[in-house]
Every structure is written in C-alpha cells, then in structure tokens.
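A, B, ... follow the sequence lines: proteins, then strands. Residue 1 opens every chain. Source: prediction; values computed, not measured. Just so you know, these numbers use all the heavy atoms, side chains as well, and skip hydrogens, waters and symmetry mates.
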Amino acid sequence: MFSNSFPDRELIARTVARMLLEIEAVHFRADQPYTFTSGLASPVYIDCRKLISYPRVRSALMDFAASLVFRSVGFEQFDVVAGGETAGIPFAAWLSDKMGLPMVYVRKKPKGFGRNAQIEGSLGEGARVLLVEDLTTDGGSKLKFAEAIGHAGAHVSDTFAVFYYDIFPETPARLEAAGMRLHYLATWWDVLKVCRDEQRFDAATLTEVERFLNNPIAWSSAHGGISELP
Amino acid sequence: MLFNEFLTGLSQQGGSVRAYDKCAREARARIAGEPENAAALHLIAYAAQHFVDAYDDQPLTVEMAAREFDYFSEIVGILDGGYSVGSADARVAALNKVAQMLASGLPS
C-alpha cells in the first residue's frame, strides 16, 4: 500500500528525472532525430518501459504517483484504475495496488473477433476511472482510451502519466475539454534541468534539446519531420 | 494511378505511425466499394498495419521512417504498375510479387 508520505512536487520531479537518467531511459540524439507517432521529428526519446525492470525505482515512483493523485484529487474519488495498452498496464497494476483499487486495462482497439472486447476486467456502470499510461505527449491516446471507457458506461475524470513531454501548451486544455485532468511526475524540463545541474551530456546537445523544447514544430520542420501538427 | 493517393497522405504526414494507421483504415474502407481492387487494397492495408504494429510504442528514427517509406512506395508502385496494364496476368503477377515481399519481411 501507499506509504502515506507527501513529498514536495518539485522534489518528486527532480527525483524522477534523476531516476530516469540513472536507468538510461533518456536518449538525446540531435544528429539522427526520432519521429513521434504524429510525425514530429525530435532529438529526445524516453523509454519509460525500462522502469518495469527496476523494482526500487518503480516502487518509489508509484508512491509518488499515489501521493500526487490523492493530494490533487482526493482519497475516495476513484472506483477503478485503468491501464492503457501496452505500456500503461504495469503502471496501472502497481498504482491500483498502492491506491487499494481494482484495475482494468483498455486495448487500443477491440480485438475484432470473439467477444470483441476492448476493456478487460470488471468495469461497473458509472465507475469513476483513473486512466494510467507511461507517457503523455499530445494526449491523443488518452482521448481514445477515455472514449472506449465511456462507451462501456464508465467515466475518466483524471489521467496519470509517469512522464509528460510538456512541449504542446494546448495538451492539458485538450484533455480538460474531454473532461480529464492530467497528472504527471516529471517533464522534459525537469530532465533538462537535472542534466544541466549535474553536467550530464555535452552543452551543445543540451542546447539543441532546449531549442526543440521551446519550439518543437520549427525544430521538426528543420530536421525532416512535419511542419504542422495534423 | 489507382493507389498513389496513399503515398501522398503518408508523405504529407511525415511517414508517421498515425499516418500509416490512417492509410490502413482508408485502404480497408475502399475494399467494399472497389471489389475489383480488393486484393491489392488488402495488401496495402496489411503493409501499413504492419508498420503501425512495428513502431507504435517503439523508437523510430527519421532515417528509418524514410527507409520504410521507400519500401512502402515500392509496394504501391508495383501494384499500380500491374493494375495499370489492364490484364489479369499483370495484376496477379503484381499481387504475387508484393505478397512475396511482405512474406519475406519488411526492412528494419
């Protein structure tokens, strides 16, 4: 269960950024950029799935997550924790355990045969759901998962991600328009700050990363990616 | 060109996972209205869906995306070439060639 401690948000963000760097989940590569699912070219990539292999790290993260959600939303505001396929499933399992709540998971799309299920587990009519994924970029996948949960008669009021890119200012408002509040532990800005403070990576790389974070569309356009979001 | 519009859409959206997902859905949607092109459209949908399954949740570099787009363009080009000839033999030959390419694996 949850350790019932409520660390300061800034301490959480800094600690999580250091954890992600420690397990080498953070990748910076300006010369051979990555392509996001949207087509945006980016010098940054984060692999939060690596967290599943580090039990001390993931346990601390889930304590942070529970403290953040309880403090921000309340202790009795959810009936179910839902994990988004694929990477959200283990985090939803651990967080539901910390929060003392049942869990379900949501497929990206119905199986297409058999009982055509998109949600696995028991989800009651009118259930209040906390949707969990590993990452949030532009919020697109969360909207789809929440829609599927809505079709099943439940409601997603809040969504949690270990990591939030925080490069598209409109993302929280986009989620709010769909009735969801966004919660997260750390962002690229937190990672960049720790990198600077601890002199990780070379200065030129960090400058390029900051350039991307400040204007992702312009950076993408100049590096072979899309020049406007679809 | 029967199938070239799929490439235009992919190119405009940077050959991204979401663009291939849209391409797969559009190819499947066309099958009902174009039964004479169903086999080719099914292969296009299969190839596009394979890209989505391979790279959704996985790192994809701009370089890899370009290589995958070239490969997908080759597939569409073969199908367009076979279907533009007009003969049943040319169509079947194009379908078999693309099916062989897909069975032997996509570039990685």
>> Other residues, nucleotides and ligands only: do more than 12 of their heavy atoms fall within 6.0 Å of CD on A/E170?
In response: yes

> Can you name the closest pair of heavy atoms from A/F36 and B/S16 and give their distance?
Replying inline: O-CB, 4.0 Å

> Looking at residues at least two apart in the chain, or sitting in another chain, which of them share a ring pair (Phe, Tyr, Trp, His ring centres under 6.0 Å) with A/Y164?
Replying inline: A/Y184

> Which one of A/L135, A/T86, A/T37 satisfies the side-chain contact (heavy atoms from CB on, under 4.5 Å) criterion with B/D57?
Replying inline: A/T86

> Between B/Q12 and A/I226, which heavy-atom pair has the shortest distance, and what is it?
Replying inline: O-CG2, 4.3 Å

> Rounded to the nearest 0.5 Å, how far does OG of A/S141 lie from CG of B/D56?
Replying inline: 8.5 Å

> Of the listed residues (B/G14, B/P59, B/A19), which shares the most heavy-atom pairs with chain A below a 4.5 Å separation?
Replying inline: B/P59

> Does NZ belonging to A/K108 count more than 12 external heavy atoms closer than 6.0 Å?
Replying inline: yes

>> Using only non-hydrogen atoms and a strict under-4.5 angstrom cutoff, which residues of residues 79-86 of chain B touch chain A?
In response: none

> So, does B/T61 use its side chain to make a donor-acceptor pair with the main chain of A/P33 at under 3.5 Å?
Replying inline: no

> For A/R18, does the CZ atom have more than 12 heavy-atom neighbours from other residues, nucleotides or ligands under 6.0 Å away?
Replying inline: no

> In residues 19-32 of chain A, which residues are in contact with chain B at a heavy-atom separation under 4.5 Å?
Replying inline: A/R29, A/Q32

>> Strictly less than 4.5 Å between heavy atoms, which residues of residues 44-61 of chain A line up against chain B? Please order them by number.
In response: A/Y45, A/R49

>> Any salt bridge linking B/R18 with A/D138? Criterion: basic side-chain nitrogen under 4.0 Å from a carboxylate oxygen.
In response: yes

>> If you compare all heavy atoms of B/V62 against all heavy atoms of A/H223, which two are closest, and at what distance to 0.1 Å?
In response: CG2-O, 3.9 Å

